[in-house]
Amino acid sequence: MCVRACALALASQSLSIMIALIPYVRETFRRHLNAKQAVMLVEFDKLKRDFQEHQNEIHAKLVAIMGDRLAAHIKSLQAIKWDV
């Protein structure tokens, strides 16, 4: 479980870097494209939205994993006889 959660967290961080860089790359391209080619800049916006959506899915999966782990730990804590 931990390895999968760590891999998901790393993927999320990698996506964060890319999401942060896309506007700068887009601006660099915008400066070098003519008006007719500038239509392609919309693709950068779509890519950023796709990355953000993917990151949200990763976060949801991480929350599910943590919820499962919490449930398992609660179950083990309930099994302990604390009065002994």
Atom of Ala11, atom of Ile58 and distance for their closest heavy-atom approach: CB-CD1, 3.9 Å
Exercise: identify the closest heavy-atom pair between Ala5 and Ile65: CB-CG2, 4.3 Å
Cluster overlap Met40 with Val25, hydrophobic side-chain contacts below 4.5 Å: yes
Residues Glu57 and Lys61 bridged, charged N to O under 4.0 Å: no
Beyond-backbone contact of Asp45 with Arg49, side-chain heavy atoms, under 4.5 angstrom: yes
Distance-minimising heavy-atom pair for Ser12 and Gln55: O-NE2, 3.0 Å
Same apolar cluster (I L V M F W Y, side chains within < 4.5 Å links), Leu41/Ile22: yes
Beyond-backbone contact of Lys48 with Pro23, side-chain heavy atoms, under 4.5 angstrom: yes
Joint hydrophobic cluster, Phe44 plus Leu21, side-chain heavy atoms closer than 4.5 Å: no
Asn34 side chain near Gln37 side chain, heavy-atom distance below 4.5 Å: yes
4.5 Å side-chain heavy-atom contact, Gln78 and Ile74: yes
Between CG on residue Asn56 and CD on residue Gln52, distance to nearest 0.5 Å: 7.5 Å
